[in-house]
Number of protein chains: 2
Amino acid sequence: MARNVEFDESAAIQKAMEIFWKKGYNATSLRDLIDAMQINSSSLYNTIGGKQELFVRCVQHYTDIRAQDWDKRLASKRSPLDVLIEYINEAVNIIINGEDSCMAVKSAFEVATNDERVKQILAADDQRSYQFLYKLIKKSMDKGEISSDEDPALLADYFNSTWTGWYESYILHKDPVKIKRMAEYFIKQLTK
Amino acid sequence: MARNVEFDESAAIQKAMEIFWKKGYNATSLRDLIDAMQINSSSLYNTIGGKQELFVRCVQHYTDIRAQDWDKRLASKRSPLDVLIEYINEAVNIIINGEDSCMAVKSAFEVATNDERVKQILAADDQRSYQFLYKLIKKSMDKGEISSDEDPALLADYFNSTWTGWYESYILHKDPVKIKRMAEYFIKQLTK
DNA sequence: CCAATTCTGAAACGTTTGTTTCAGAATATT
DNA sequence: AATATTCTGAAACAAACGTTTCAGAATTGG
């Protein structure tokens, strides 16, 4: 016997995420958020909660999308090495063409140190990223597509972290060739 | 015929740097800063300038210290490979034992996108870091301490960015073994 | 010691911050 | 259609923000 929520919550989260992604947590004001979300602050506080809670949901949303992407790629019927190389190349393109760095990386450095919930969401995300790489590397080794000389877990860990530095490099130097050559080298190391 | 500045500017910058380093730019308030610096805000505005200017100086100070360290290491008379490996191991220890991530990395993601001056300071710092690695790798190759199969410039670029991901990993997982194993793998790749 | 200059301390500045309030509009159930 | 419930919009909240002001203390060179 009552009124329903008027605004589309998941669309609003998406909009808020884009703002947080671009400006970071602390540089984003609530006014920035409600302008983008097109809702009143009272609605925000009634449904989602305050700024922190909203940010947690945005980070969660961001990592959910990534998890879906990894699952989709893992379900591919193509060779695991092809999937892996395609993933690396697409990731490079995102770094080079994307407007902003990875939100998970930015948030890890800005927020995860002080907010336990954000840290746990990002740690879980990083773990899934690791698992994604590990599975592809392991399968490639089992199929003989790449050498089994190295521990697949170590390689997965190594690339999973390598990743982050490419974003920093691109922020500072905006040099696409540099990123591409590092990615080439990585693939070469892997397939050698 | 006038009074002199009372406070030690470089000591105050050092204190401010520690606060910015720990909390990041946006999460640090001017009150945090003047409490740590033990000066009045009027003195700050008269001598250094506002918050942005102070931050720029702190980042500059941070990168100056790093530059000195690299110069000192390059002047060492020991073998370049030893110097490089020692540097990597000490860096790992800083990641594992340090209270906060590298200020240059944090600032790159939080501030460099929006502040051209900070971006340029950090880009110059990154360039010096690259040069440091490049010189050691090149010398090691010339002396035959490591294989010359790879382009030293590429290797230097590659490690220089690899670096950053180890900080992120440690923030999220606080797993020293993981970092150590990645460093071992890196050294192995280098000396192989 | 005087005069000229500059620095310091405390208070206040107008904004902006994240959050709350509440009257009234809106709707689902009966 | 009446009623009970809930959502929305605009305004207001205190607190904190970065910055400025200025009277007076301090120190220099003459």
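Computed from a predicted model, the values in this text were never measured in an experiment. Below, chains carry the letters A, B, ... as their sequence lines are ordered, and counting in each starts from 1.
Judged as a salt bridge (Lys or Arg N to Asp or Glu O under 4.0 Å), the pairs with a partner in residues 29-40 of chain A (not counting sequence neighbours) are, in order, A:K23-A:D32. Residue pairs meeting the salt bridge (Lys or Arg N to Asp or Glu O under 4.0 Å) criterion with at least one partner in residues 100-110 of chain A, sequence neighbours excluded, are absent. Sorted by first and then second residue, the salt bridge (Lys or Arg N to Asp or Glu O under 4.0 Å) pairs with a member in residues 117-135 of chain B read B:E53-B:R117, B:R66-B:D125; sequence neighbours excluded. Under the ring-ring contact (aromatic ring centres under 6.0 Å, His included) criterion, no residue pair touches residues 27-50 of chain B, with sequence neighbours excluded. Residue pairs that meet the salt bridge (Lys or Arg N to Asp or Glu O under 4.0 Å) test with at least one member in residues 157-166 of chain A, sequence neighbours left out, are A:D157-B:K178.
Going from atom CG of B:N40 over to atom C1' of D:dC22 covers 12 Å, rounded to whole Å. Rounded to a whole Å, the CD atom of A:E9 is 14 Å from the C1' atom of D:dC7.
Proximity of residues 25-39 of chain A to DNA chain C (heavy atom under 4.0 angstrom from any strand atom) is restricted to A:T28, A:S29, A:L30, A:R31. DNA chain C is contacted by A:Y45, A:G50, A:K51 of residues 45-54 of chain A, taking any non-hydrogen atom closer than 4.0 Å.
Within the 4.0 Å cut-off from OP1 or OP2 of C:dC7, not a single side-chain nitrogen or oxygen of B:S43 is found.
In this structure, B:K139 does not pair ionically with B:E145, as no charged nitrogen and carboxylate oxygen lie closer than 4.0 Å.
Checked against salt bridge (Lys or Arg N to Asp or Glu O under 4.0 Å), A:K143 has no partners two or more places apart in sequence or in another chain.
Comparing atom distances between the B:S41 side chain and each of C:dT8, C:dA11, D:dA10 picks out C:dA11 as nearest.
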Indicate every side-chain donor-acceptor pair of residues 9-18 of chain A with a distance under 3.5 Å to a residue at least two apart or in another chain.
{"from": "A:E9", "atom 1": "OE2", "to": "A:R57", "atom 2": "NH1", "distance (Å)": "2.9"}
{"from": "A:S10", "atom 1": "OG", "to": "A:D8", "atom 2": "OD1", "distance (Å)": "3.4"}
{"from": "A:Q14", "atom 1": "OE1", "to": "A:H61", "atom 2": "NE2", "distance (Å)": "2.9"}
{"from": "A:Q14", "atom 1": "NE2", "to": "A:E18", "atom 2": "OE2", "distance (Å)": "3.1"}

